Amino acid sequence: MDSSCTQRILIDVLDLVLLVIYCLVSLVVIFLRRQNGNEKIENIENRTRNWFFVVVSACSAVISIANFIAAAWIAFDDKHEFKHLDWVVYGLRGFIWAGFALSLNIHRTRLVKTIALIWWLSSCLLVSIINIESMVNGDVLSVFDSITWVVSLLLFFSALRLILGKERNSENNTISEHLLVSEDGDNGTMFSNASLWSKLTFSWMNPLMSLGHSKSLDLNDIPPLDSEDDALVAFQAFCHAWHHEKQKNSNKSMKQNLIFFALVRCYMKEMLLIGFYSFLKAISTVALPPLLYALVQYSNNANGDLSLGITLVVCLLVVKVVESLTQRHWFFYSRRCGMRMRSALMAAVFQKQIKLSSLGRTRHSAGEITSYIAVDAYRLGEFPWWFHTAWSLPLQLCFSIALLFWIVGLGALPGLVLLIICAILNVPFGKMLQAYQSNFMVAQDERLRATSEVLNSMKIIKLQSWEEKFRTMIQFLRDIEFKWLGEIQIKKAYGAAIYWISPTVVSAAIFAGSAAMRSAPLNASTIFTILATLRLISQPVRMLPEALSALIQVKVSLDRLDIFLLEDEIEQTNTTRNFIQTADTLSVKIDNGVFSWDSSSVYPTLESIDLNVCRGEKVAIVGSVGAGKSSVLCAILGEIPKLSGSVEVYGSIAYVSQSAWIQSGTIRDNILFGKLMNKKNYEKAIKACALDHDLNTFPYGDLTEIGQRGINLSGGQKQRIQLARAVYNDADIYLLDDPFSAVDAHTAAILFKECVMAALDKKTVILVTHQIDFLNQVDRILVMESGQIKQAGEYEELVRSGMAFEKLVNYHQSAKIVLDPAKPLKSIKKPEEIENQIEVQYEIPIENKGTAQLTEDEETEFGSLGWKPYRDYISVSRGYFLFFTVIFTQTIFTIMQTMSSYWLAIAIQMHNLNESILIGVYTVISALSCLLAFTRSWFAAHLGLKASKEFFCGFMDSVFIAPMLFFDSTPVGRILTRASSDMSIIDFDIPYSMVFALAGWIELLTTVIFLAIVTWQVLIVAIPVMILVVYIQRYYLASARELVRINGTTKAPVTSFAAETLLGVVTIRAYAMDESFISKNMQLINTDAKLFFHTIASMEWVLIRVEALQNLIVLASALSIVLIPQGTIAPGFVGLSLSCSLWLTSIQVFLTRWYSVLENSIISIERIKQYMHIQSEPPAIIDGHRPPHSWPQEGNIEFSELKVQYRRNSPLVLKGITCAFMAGQKIGVVGRTGSGKTTMISALFRLVEPVSGTIFIDGLDICSIGLKDLRMKLSIIPQEPTLFKGSVRTNLDPLGLYTDKDIWEALEKCQLKHTICKLPALLDSSVSDDGENWSTGERQLFCLGRVLLRKNKILVLDEATASVDTATDAILQKIIRQEFSNCTVITVAHRVPTVTDSDRVMVLSYGNIVEFGKPAELLESKESYFSKLVEEYWSK
């Protein structure tokens, strides 16, 4: 049989393989569609109706029939011998052409279509090459071969028509073929509208890349996602699969990870497509060494046929193209599928946290839930890629081993034994990495939880001067995390050594085995094919432990997410809720209800609750701190687990929580709360809640942006905004949890009269309050005590009955005695400026609406920063020695690796050289290079660890000494993103990506030099290609850099919104706004996903072009070997040249990928560096200006012309305050909401530095000493009580300075001893995140306990008793008078009785002192501001 026949049979075998693949994939697609219930598939969807395809299909069918006839003729003709089985060949060709005819008509999916295209093109090209070769050699084609060739060319044109998008009718309705309807109403996106050719080559990215090259991209430039990538689509599919798996596994004793099986159910088709790509990539990769072997053998054959050489070159080019295309699409579609998984799980976690029960919230802190989204869900995004890597690499390994046996026979056995040993060594190595990774994740979660808690509580930390304590705590947690990080990174250095040692040792063993067994000659073709094959083996050896580690991390994340998604949800049976009011007059009914926050507790939170509230009724709930008032409202909302009884609610609910929950956004957004604007109702709500004057003074009116948690609003303003939200909601039932505690008496009177009694006149209102003054106007009063309703009735009825209510009233009346009731105050008409004056914290004129919002857009860099981030990385880490050592060792390593191959190329030409010397020298050189590889990785790991340590310390040190204005204007999510995602990139990605990029550059230069030495002709192609590659990389980086930067700003809003939603989840559920918040979360996820999608697409865009250009070098190298006369180049150098050419493509792709990763990762250095240079507050300690240890001995405070503003160029908040507080005096500070009371306290603690003026304490200017020396000598109970996760002991004494005896005494004085004594763990009883398991009043008492322990000479009470009842307030005031009798006490309060027993009272208005004197003297003047405030309080 001649070479032409052999070549045609090889083509037939290839066609048959592709036909089998085509049929198998088509059957899988049909099976999957039937599984999904899509058995009926209309012909119009699956068949192409173009006349051209019909004609070509008919021609193919005719050729198929002709081949079958020829097969039958030969088989039954006695004249033919069956020596060559020609009838089988013709029969197979008949089946192949029948397959062509079928494939021209049916295109079920994009995958099937892609296989058909590859089949048509490869068959046509190979047949054409053979026919052209035959014609060049003078052979005459038969008529049948000529006709077949013509039809093959028609197949080629059919493929072109399909690729160019002219044949578009075969699009089907599978999930991977949907088109996106963009936000502007356009049909489709760049991706969905792209032709098949455009998708194959990623040319659909060209417009975005061009735009990014011409300008800096911004978020508006990024196209929307395809519809099938939308978060809502992914979430709905996941939910359906999740519920199916949950039902299927409900009765099984062995619990499975439901998330994993739900994801399998959702993405099976996509995973099969990705698996097909990875399979083809593995096959094409393994096909390269045999081609190298054939080319070297061809070059050694002096009588080699040129056509065979050309055929080998074409095959090499085809294999390289297939390898490139399949790898690029494997990477792209695996990450695209991972993005969908990530979006689905992020949405699922968010929805779960909205439905999470109170018990579930105690098991999963806010930081942990944020971590589920920011870490675990993101990790699932890489799962598809690692999964297919985990099975395709072993497949590649098996094929490579088979290839070795084909090359050298039994000589491969010694190498195989060593390979197995290396694999066995990887098992404990992988397990070790798994353990380290698990420990690292636990430590990282704990550190992020603590960081989140500290950032959210930074104000109280600064007030108490606890920065050092909490900074040490976070550093301690980071040290634990860093310990495991170090173990992981150092072990990776050992992994790198195994990666390089395995091919070196194995190759030497195979050479030795071949020489000893004489199984194969050690010539150029054998040696360089072995080396090429071992490079294929080294990748699985290196990557499999990493893939195993990644899959283990994925499993850990899947388990964490599975536990969370299976967590207890709010029981719908807790409350029977009818959103439409019935004809019955009943609004709320509780029948014999027993409720408990902790189902395991012996004592229920509420018991024997019987309550009927009629429509339109106003009901007040009163009682002491911890009596269960707020729990009653939670029982109505269904938030507290019900043990027995029933709860029925008729109508919609509006809820106002005790601690105001404010969203980041505008004031208008907070009031509308997702509802459409109704101007009339909106203005009514604004006026009823006394917000009209506040809005007039805000720089942007109701469009003024509120900082995180309403940080730039006073407590009263936050409370009134959420009250306005409730009024605007126009609900049927209003649950108000102590809404007046944060406002002054005048404002409280307005709110009760205008809001509760007027705006909500016909509504059902249940009001929890500590203020007795309003109770005579409500319809009914419930008196709570120890979780039970002790009394219920009207005001007069309860007063006469005595008991619990009488105690509350008596305490209230005793407070009035201080005001000398013998001198009743007459009603005085107030001046207009006082009647309507409700100040805000920042007094800014209406016309000044051009000032900046408080929360600014996140700062991002633009364009290339050149070498600056790299210099920062090295200089901050102080790692110059390590860095240059890495460069040196990498350079020597690369040279020695290349020299080992060069030695083989030279040695095999020395016929007198002993084989043992050849192998020995090669082994020594390679072993030394492996040692250098380990040294390089070890130094790189230490450089990365050093950088991680320095950047974290610099970042956290800078944050902890930042002024409060930084935290007021910076969302916590931005800081947390840097502390989590960016730090993770610095920890893991940058060290090795920097080393890999350096290694790529050095290896590329070395390889090109050696290639030029061997075949200098290649430089003619290589130099232009290298120039083009550099240009394309720069062209790509212009867009990719901005995509990564923008993506860095889209991650934080997702986690910030989730954290913010968790804080207000009770309010969200009460308003039934679940769907609205889920929808907003979907938008944020989509914004983040579209950046990720186009980032990965841009990466594949550049890599496929770089690979295409590098394939030109491979082609040039191969052609030069084929076309240059035999013998011109020595066989050893032929093998070296081809080996370098094939290796060059891998090196270039490796370099491009890691350089791009490095350029994108280095942005994290920019982002963290921004927060390492925040303008700091004054130093904690100033050496040489430290106050005496006994300072302040007396407690004199003097303000002199004090002026304060929060920002440069913003209006003054305090406008020249001058006054003096004498030692031991009790000073009361009053004024309406936002008058500057809290700002004055902030100035005293130097949370804000004065613009001018001074504050003296005992004659010492407080600005002349360090902040720690100042704040440690001052005590404060802040307006918003803050507790930290831990125990009762650690919350009262965070610094560990006091004994248990001291702590118990403080608890007794602050009225908490009785409550804590009932807890089994006593002082070690747990305190959950933000102290959620304690009431607001109890949290306030904790804060009082802290100051009782410290016993400083100066005490500040910033509305400290606003959340406690009148009786407890009176007791606490008595305790404060006793315990701090010799101290200067500054009390900022809304309750007038709180300050009436003060020595002096200061009245603030618009940042000025309008009155300052003794209470009695101020009360004597009926025109005084203070007397009017008193009158307002008692006339409420």
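Owing to the predicted nature of the structure, the values given are computational and were not obtained by experimental measurement. All values below come from the heavy atoms of this structure, side chains included, with hydrogens, waters and symmetry mates left out.
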Asks: Using modelled atom types only, decide if a donor and an acceptor are shared between the side chain of R1167 and the backbone of D982 within a distance under 3.5 Å.
Replies: no

Asks: Do V1054 and T1050 have side chains that approach each other closer than 4.5 Å (heavy atoms only, starting at C-beta)?
Replies: no

Asks: Any chance you could measure L931, atom CG, to T889, atom OG1, to the nearest 0.5 Å?
Replies: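 Spacing of CG (L931) from OG1 (T889) equals 10.0 Å.
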
Asks: Closest heavy-atom contact between K281 and T285?
Replies: O-OG1, 2.7 Å

Asks: In Å, rounded to the nearest 0.5 Å, how long is the span from CG of L945 to CD1 of I490?
Replies: 5.5 Å

Asks: Do E270 and R340 sit within salt-bridge range, that is, some charged N less than 4.0 Å from a carboxylate O?
Replies: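 Yes, E270 and R340 are salt-bridged.
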
Asks: First locate atom OH of Y333, then atom CZ of R336, and finally report the distance between them rounded to the nearest 0.5 Å.
Replies: 6.0 Å

Asks: Step by step, work out the salt bridge (Lys or Arg N to Asp or Glu O under 4.0 Å) result for K491 and E487.
Replies: CA-CA 6 Å; K491 294 302 180 291; E487 294 286 356; 3.0 Å; yes

Asks: With rounding to the nearest 0.5 Å, note down the distance linking CD in Q396 to CG in L403.
Replies: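 That separation rounds to 11.0 Å.
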
Asks: Do H388 and W391 have a side chain donor and acceptor closer than 3.5 Å?
Replies: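 Short answer, yes.
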
Asks: Where is the tightest heavy-atom contact between V886 and A940, given as atom of each residue plus distance?
Replies: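 Taking V886 first and A940 second, the nearest heavy atoms are CG2-N, 3.7 Å.
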
Asks: What are the two closest heavy atoms between F893 and S929, and how far apart are they?
Replies: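 Shortest heavy-atom separation between F893 and S929 comes out as CD1-O, 2.9 Å.
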
Asks: Side chains of F1093 and F332: does their closest heavy-atom pair fall under 4.5 Å?
Replies: yes

Asks: Taking C-beta and beyond as the side chain, do M271 and C337 meet within less than 4.5 Å on heavy atoms?
Replies: yes

Asks: Any side-chain heavy atom of R328 sitting closer than 4.5 Å to one from F331?
Replies: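 Yes; the side chains approach each other to less than 4.5 Å.
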
Asks: Do T885 and R936 come within less than 4.5 Å of each other through their side chains, counting heavy atoms only?
Replies: no

Asks: Between F988 and F440, is the ring pair (Phe, Tyr, Trp, His ring centres under 6.0 Å) condition met? List the steps.
Replies: CA-CA 12 Å; F988 289 105; F440 175 82; 5.2 Å; yes

Asks: Atom OG of S203 and atom CZ of R1105: how far apart are they, to the nearest 0.5 Å?
Replies: 4.5 Å

Asks: Would you confirm whether T891, through its side chain, and I887, through its main-chain N or O, come within 3.5 Å as a donor-acceptor pair?
Replies: yes

Asks: Give a yes or no on whether the backbone of L217 and the side-chain of D221 come within a donor-acceptor separation of less than 3.5 Å.
Replies: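 Judged by distance alone, no pair lies under 3.5 Å.
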
Asks: Apply salt bridge (Lys or Arg N to Asp or Glu O under 4.0 Å) to the pair R478 and D987, showing each step before the final yes or no.
Replies: CA-CA 12 Å; R478 172 64 177 176; D987 287 344; 3.0 Å; yes

Asks: Donor-acceptor pair, distance only, cut-off 3.5 Å: does the side chain of S198 make one with the backbone of W204?
Replies: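 Yes, the answer is positive, given that a donor and an acceptor are paired below the 3.5 Å cut-off.
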
Asks: State, yes or no, whether a side-chain contact exists between F399 and P394 at a heavy-atom distance under 4.5 Å.
Replies: no

Asks: Would you call R342-D229 a salt bridge at under 4.0 Å N-O?
Replies: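 Looking at R342 and D229, the cut-off is not met.
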
Asks: Quick one: do the S324 and E1107 side chains pair a donor with an acceptor below 3.5 Å?
Replies: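 The criterion, which ignores hydrogens and geometry beyond distance, is satisfied for E1107 and S324.
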
Asks: Are any non-hydrogen side-chain atoms of E1100 and H329 less than 4.5 angstrom apart?
Replies: no

Asks: Hey, does the side chain of H213 reach the backbone of M209 with a donor-acceptor pair shorter than 3.5 angstrom?
Replies: no

Asks: Could you go through the ring pair (Phe, Tyr, Trp, His ring centres under 6.0 Å) check for W330 and Y277 one step at a time?
Replies: CA-CA 5 Å; W330 167 26; Y277 285 140; 9.5 Å; no

Asks: Do E1166 and K1169 sit within salt-bridge range, that is, some charged N less than 4.0 Å from a carboxylate O?
Replies: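 The answer is no: the pair does not qualify as a salt bridge.
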
Asks: Taking atom CZ of F955 and atom CD of E950, what is their separation to the nearest 0.5 Å?
Replies: 15.0 Å

Asks: Would you say that K946 contacts L943 through its side chain, given a criterion of any heavy-atom pair below 4.5 Å between the two side chains?
Replies: no

